[in-house]
Amino acid sequence: MAEHVVRVGLPGAVMPAGALDVDTGRILAPDLGESSAADVLADVAAERSLLLEAQRIARLGSWTFDMASGLGYLSDGLCRLCGLSPRATLDELLALVHPDDQPAVARFRSRLCRYRSAQPIELEVRDLAGERTYLVRARTECDANGKPSKVHGTVQDFTKFRAMERQLTQDGRLFREAQRVARLGTWEWNTKTGDCLWSSMLYELAGVEPGTKITYADYLELCHPDDRGWVDQRWQELAGTKRPVECEHRVIRPDGTRRVFRIRGEAAGPDSGDAVMIGTAQDVTEQRSTETRMQRSSKRFTDLVAITPVGIALFDDAERLVDANDALCSLLGMDLDQLRGMTAEQLTHPDDRPTSRGGSHSFHSGQRVLATATGKPVYCELNATVSVADDGQRFWLVVFADVTDRRRAAERLRYQATHDELTGLPGRAAVKELLAKLLGGRDYERIALLFCDVDNFKRVNDSLGHDVGDELITALARRLERGLPPSCTVARMSGDEYVVICSDVEEVGGVDALANLAASLLRTAVPVRGQLLRVSACIGAAVPSGQDTSGADLLRFADAAMFAAKARGTGRVSLASDALIASANSQMLLEGQLREAIANDQLILHYQPVVGPDGTVLSAEALVRWPHPERGLLLPGEFLPVAEQGDLLGELDRWVLRAALTEAAEWPQINGSTLGGGVGIAVNLAGLVPGDPEFVEVVCATVAATGIAWDRVVLELVETSLIDLPSRSREAMAELVERGVRFAVDDFGTGYSSLARLKELPAQIIKIDRRFVSGVATDASDFAVARALVDMARAMGRSCVAEGVENATQFHVLRGVGVDAYQGWLLSRPLPAKDFREILKLGPVHIPSGA
Ligand code: C2E
Ligand code: CA
Ligand code: CA
């Protein structure tokens, strides 16, 4: 290879002694010894070829400039690199430099001439087209006096490197941008030294001055104190196991602001050694804040659940309690640990378990009775909703509203509605309910029902007053309750009637034993207000005749049996026999038929004349009859009890009142009648009584509708419906009396009020009962009573009517004591309307002379 020595415009530049020409490999000076020179030359040649090869790969050329001679030398490699022909001069090379870079080149040259340091200086220049970049490196060499004498330099094609660098810069910029956008930083952690390398983004995210030296301890310092412990643990795990770790923790930046970082880390590649971990850190504060909001609301929900007074529990799919709030814990008197794992069934009170209820044990809705730790029942209304947890598991959220108080209040109300106020015993409604329940059950054959009616209770009530009567009723109730076995429920139906419902008659030795036990309990002397009242009761007993026997049936049978017992005397017991049941059933049939008969005007009235001492017909009593399609003409005694049982008396009275007044309004007027304008019409009232709020209204409306004169109307009522009337009823009666209506006390003497009370009875007519009349001629005491009655009635301005006058003797005796009017078979049987009209036409009734 030729040697080029180029003169360049640098004054005094010479090649140094012993310097190596890299292109030729020749040692320029000084000369070495022969033998060693050969060795050296061989070594140098080998080294030179290596250098050449290296230069070629590195796209590197070299040059030298001698200041003393001003000559420059370019290596072949350099010429090739710059596209110059071999032996090109330094000036030719400089001409290739981009004009914009020429000033820098000039500065570089002058710097090199002054430069005394052995350190190379660098300059980067572009080619004319500006497409390629070259790095020029040069070092000044000084002579023995320390004066710069030569410059050695290299030129390296830097184009690719710069492009790469540019790309790298760009990549870096993009990467940083991406990190900024993603709020993502990168890090490297040397687990041996504890040193960390952070990307600038991470510095920014952590709010740490960029470039600050960071150690693992510094990083932990940034962690929220509450997270520090476990975060450290995670990273130590990574360092130990090299398994990737991902976690999220709070960071408190040096300025105090709080962020949430999501950090991933893994072991760096094997090149980095196994102590280096790398990873990313992302600021997820904003994302998490929405989650935090949700968590907060869920926290609020949790708080709400905790403080809500309603019991709330979570159940898993297997209906096991997973979680419960304080309210449920205190409701059930258990703590959460006790409750956890309990099934819905275990929480349910034994009485409300599926077996007893027949339903499922699920807590999905409806009412359930739960049990407290001590087994006390808690009535709850349930509401449940199914939900799915994050892990896909189904669970139930159940709300338990304690309705125990509500239930108690309802029970109290129901108790009041179903229980008798006086005795506190269950009332009629409760009896019906209990019977329905028992008869619907499996053990219906063991049921027995007693109907107990206190003998002559009316007499106690009437003679000693209602308060004494009430005390007696209460005392007897307590005796029954205390004396009967637990399988018996004592109830009060009305007045002096008790009902005993026995759910297991076998337990007391059969229905007869039970009835006798009740009878013996009621046969007693009760101390009331300082006096001993001897009482007894009649008892009717009944048992179901089959599975279709209803509660109402059983009550009817027992009631009928009780009536049968009454018929035999006081303190009697009677069991509803088949015959009795049959008659009770026929009574019920009759009741329906009677209802129909009243509604369809199928009843008729007979009229019995009431005559004066001379036989003049003063009035007629209307007596009801029922021409039954199968049973013939029925008398009141046969169907009035049925009407009473079926609560039809009011209906019946209204019908009779209207029919009687309508008929009477048509009667021909008889001259000589002492009763004002015409023959009077007496109507018996038992259901429509003055106590009835509609009493006056119904009477007035009927009188008005029939057009009869007010003073022809007589209303007959029994003693008991006339005593102790409230003032409102008295006023109602007075109002009718004012218009001309007269009231008659029917059957006087059969009630228990004393004669003295006669004065209090708001009636104008007294009807002396048949019982006194029948003995008036034969029995001295009956005569005395009749005479006293007449005297008293007269003294009080009332008129007297004798009932049931059957013979002339009775008539004459009564006429002797001054009775005002007479009624009885002696004078006339009750007659159909048509026949009575005939009687009216005939004038005064013939009275046989005394025997
Ligand atoms: P009462 O009001 O005492 O009626 C008189 C009863 O005595 C009638 O019986 C009558 O037929 C009967 N009688 C009349 N004269 C004699 C006699 O000389 N000897 C005998 N042994 N009896 C005589 P009746 O019609 O069977 O009525 C019975 C009861 O039925 C009546 O007793 C009355 O309380 C009630 N009653 C009759 N009709 C009606 C009615 O329309 N409405 C209401 N609520 N009750 C009625
Ligand atoms: Ca009567
Ligand atoms: Ca009577």
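Note that ligands are numbered from 1 as they come in the structure, with each ligand's atoms numbered from 1 the same way.
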Exercise. Which heavy-atom pair separates Thr474 from Thr423 by the least distance, and what is that distance?
Worked result: CA-CG2, 4.0 Å
Exercise. Which of the N/O/S atoms in Glu716 sits closest to the Ca ion (ligand 2)?
Worked result: OE1
Exercise. Any idea which part of Val683 is under 4.0 Å from ligand 1, heavy-atom wise: side chain, backbone, both or neither?
Worked result: neither
Exercise. Looking only at non-hydrogen atoms, which of Asn684, Leu685, Leu826 approaches atom 33 (C) of ligand 1 most closely?
Worked result: Asn684
Problem set entry | Residue pair Glu621 / Gln823, side-chain donor-acceptor N/O under 3.5 Å | yes
Exercise. Does an N or O from Pro636, backbone or side chain, lie closer than 3.5 Å to an N or O of ligand 1?
Worked result: no
Exercise. Heavy atom of Arg625 under 4.0 Å from ligand 1?
Worked result: yes
Exercise. Donor-acceptor pair, Arg523 side chain versus Ser536 backbone, under 3.5 Å?
Worked result: no
Exercise. So which of the N, O or S atoms of Asp746 lies nearest the Ca ion (ligand 2)?
Worked result: OD2
For this session: Return each pair, listed once, that meets side-chain hydrogen bond (donor to acceptor under 3.5 Å, both in side chains) where at least one residue sits in residues 629-638; pairs must be two or more places apart or across chains.
Result: none
Exercise. With no hydrogens and no angle check, do the side chains of Trp655 and Glu651 hold a donor and an acceptor under 3.5 Å apart?
Worked result: no
Seminar exercise, completed: salt bridge (charged side-chain N to carboxylate O under 4.0 Å, His left out) filter on Asp692, not counting sequence neighbours, yields none
Problem set entry | Test: Glu838 and Lys841 ion pair at under 4.0 Å | yes
Exercise. Can you tell which part of Asp747 has a heavy atom less than 4.0 Å from ligand 1: side chain, backbone, both or neither?
Worked result: side chain
Problem set entry | contact_flag Gly637 ligand 1 heavy-atom lt 4.0 Å | no
Problem set entry | Within reach of ligand 1, part of Val718 (heavy-atom separation under 4.0 Å) | neither
Exercise. Name the one of Asp559, Asp455, Asp496 that satisfies salt bridge (charged side-chain N to carboxylate O under 4.0 Å, His left out) with Lys566?
Worked result: Asp455
Problem set entry | His606 to ligand 1, any heavy atom closer than 4.0 Å | no
Exercise. Gln823 near ligand 1, heavy-atom distance under 4.0 Å?
Worked result: no
Problem set entry | Nearest neighbour of atom 12 (C) of ligand 1 from the list Gln810, Arg829, Arg770, on a heavy-atom basis | Arg770
For this session: Can you sort out which atoms of ligand 1 are near Pro830, meaning under 4.0 Å from one of its heavy atoms?
Result: 11 (O)
Problem set entry | Atoms in ligand 1 with a heavy atom of Leu640 nearer than 4.0 Å | 30 (O), 35 (C), 36 (N), 45 (N), 46 (C)
For this session: Examine all N, O or S atoms of Asp747, backbone included, and report whether one is under 3.0 Å from the Ca ion (ligand 2).
Result: no
Problem set entry | Proximity winner for atom 44 (N) of ligand 1, if only heavy atoms of Asp746, Val773, Asp653, Leu635 are counted | Asp653
For this session: Name whichever N, O or S atom of Glu621 ends up nearest to the Ca ion (ligand 2).
Result: OE2
For this session: Evaluate side-chain contact (heavy atoms from CB on, under 4.5 Å) for Val817 paired with Val776, printing each intermediate quantity in order.
Result: CA-CA 11 Å; Val817 296; Val776 85; over 6 Å; no
Exercise. Is there side-chain contact between Phe557 and Leu580, with heavy atoms separated by less than 4.5 Å?
Worked result: no
For this session: May I ask you to list the atoms of ligand 1 that are less than 4.0 angstrom from any heavy atom of Gly804?
Result: 16 (C), 17 (C), 18 (O)
Exercise. Given Asn807, Leu634, Leu623, which one has a non-hydrogen atom that is nearest to atom 10 (C) of ligand 1?
Worked result: Leu623
Problem set entry | Check ion pair Arg556-Asp553 (N to O, under 4.0 angstrom) | yes
Exercise. Should the ring pair Phe811 and Tyr822 be called parallel, tilted or perpendicular, given that the plane angle runs from 0 to 90° and is split at 30 and 60?
Worked result: tilted
